[in-house]
Amino acid sequence: MMKASKAARLKRLSRIEGQVRGLGRMVEEDRYCIDIVTQIAAVRAALRRVEEDVLRDHISHCVAHAMASGDAAEQKQKVDELMDVLARSAR
């Protein structure tokens with residue numbers, strides 16, 4: 001992972017962490033349910049964007065390296081690993 005993308009991801013995750021703390025305050029303050037649900041959707045969307053960014057990086061570096069290596073076992077492992085993580089994220 002490159003330093004710039006790592007720093008950007010950490011910044012985004014810190015922002016998400018703040019959103020989650022804000023959700024806790026909303027629940028403590030008995031805020032309107034729809035407002036809470038709206039903020040939960042915003043947090044989920046933000047996490048999805050980070051997930052997509054990490055996956056894009058993984059595919060463009062790790063998977064691409066395995067494909068270029070010519071090592072069939074490494075290629076299969078990377079494809080299997082990718083399929084497993086995509087299946088889990090679809091649940």
With a 4.5 Å cut-off on side-chain heavy-atom distances among I, L, V, M, F, W and Y, is there a chain of contacts connecting Val85 to Met83? yes

Hydrophobic cluster membership, with links at side-chain heavy-atom distances under 4.5 Å among I/L/V/M/F/W/Y: are Val54 and Ile59 in one? no

Provide the full list of side chain to side chain donor-acceptor pair (under 3.5 Å) pairs with a residue in residues 66-86, sequence neighbours left out, each pair given once. His58-Glu81, Ser69-Glu74, Lys76-Asp80

Please find the pair of heavy atoms, one from Val43 and one from Leu23, that lie closest to each other, and give the distance. CG2-CD1, 3.9 Å

With the 4.5 Å side-chain cut-off for hydrophobic clustering, are Leu10 and Val50 part of the same group? no

What I want to find out is whether Glu29 reaches Arg25 closely enough, with some N-O distance under 4.0 Å, to be called a salt bridge. no

With a 4.5 Å cut-off on side-chain heavy atoms, are Asp57 and Asp53 touching? no

Common cluster, Leu55/Ile16, ILVMFWY with side-chain heavy-atom separation under 4.5 Å: no

Rounded to the nearest 0.5 Å, how far does CD of Gln39 lie from CG of Asp35? 7.5 Å

Check whether Val37 and Val27 end up in the same hydrophobic cluster, where Ile, Leu, Val, Met, Phe, Trp and Tyr are linked by side-chain heavy atoms less than 4.5 Å apart. no

So, taking the atom named OG in Ser89 and the one named CD in Glu52, what distance separates them when rounded to the nearest 0.5 Å? 9.0 Å

Drop me the distance from Arg12's CZ to Ser5's OG, to the nearest 0.5 angstrom. 10.5 Å

